[in-house]
Amino acid sequence: MSTEAALEQLRTELGAAPPDSFGALTPEQADLLAGALRAERESRASGLSEAAEEALKLVPALARGPVRRILFR
């Protein structure tokens, strides 16, 4: 993988242009960093989903469906 492709992956994961200093990373390092950022984002999203499901257990059973649809369209 080229350095430019690896930096493009980082740009995608960060949602913004990476700092100029990231240009000094090797393609392997940039790819590793992009993978770590992706894994962390997925982990946080999973944890957030689990927390939301746990919170829905506090809602009365008959109201859970409508509440879930309102909150998680």
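- For Ser49 (side chain) and Ala45 (main-chain N/O), a donor-acceptor pair under 3.5 Å exists by modelled atom type.
- Between Leu7 and Pro18 the shortest heavy-atom distance is O-CG, 4.2 Å.
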Without placing hydrogens or testing angles, list every side-chain donor-acceptor pair under 3.5 Å for residues 53-60, not counting sequence neighbours.
from: Glu53; atom 1: OE1; to: Arg68; atom 2: NH2; distance (Å): 3.0
from: Glu54; atom 1: OE2; to: Lys57; atom 2: NZ; distance (Å): 2.9

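- Using a distance-only test at 3.5 Å, with no hydrogens or angles considered, a donor-acceptor pair links the side chain of Thr12 to the main chain of Glu8.
- The minimum heavy-atom distance between Ala30 and Ala6, with the atom names listed, is CB-CB, 3.5 Å.
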Inset, instruction - Start with the C-alpha distance between Ser46 and Glu42, add both sets of side-chain angles, then the distance that settles side chain to side chain contact (heavy atoms under 4.5 Å, CB included), and finish with yes or no. - result: CA-CA 6 Å; Ser46 174; Glu42 290 169 358; over 6 Å; no
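- When side chains are defined from C-beta on, Leu25 does not count as touching Leu32, because their heavy atoms never get closer than 4.5 Å.
- Residues Ala34 and Leu10 come closest through the heavy atom pair N-CD2, 3.7 Å.
- When all heavy atoms of Leu33 and Phe22 are compared, the pair lying nearest together is CD2-CE2, 3.5 Å.
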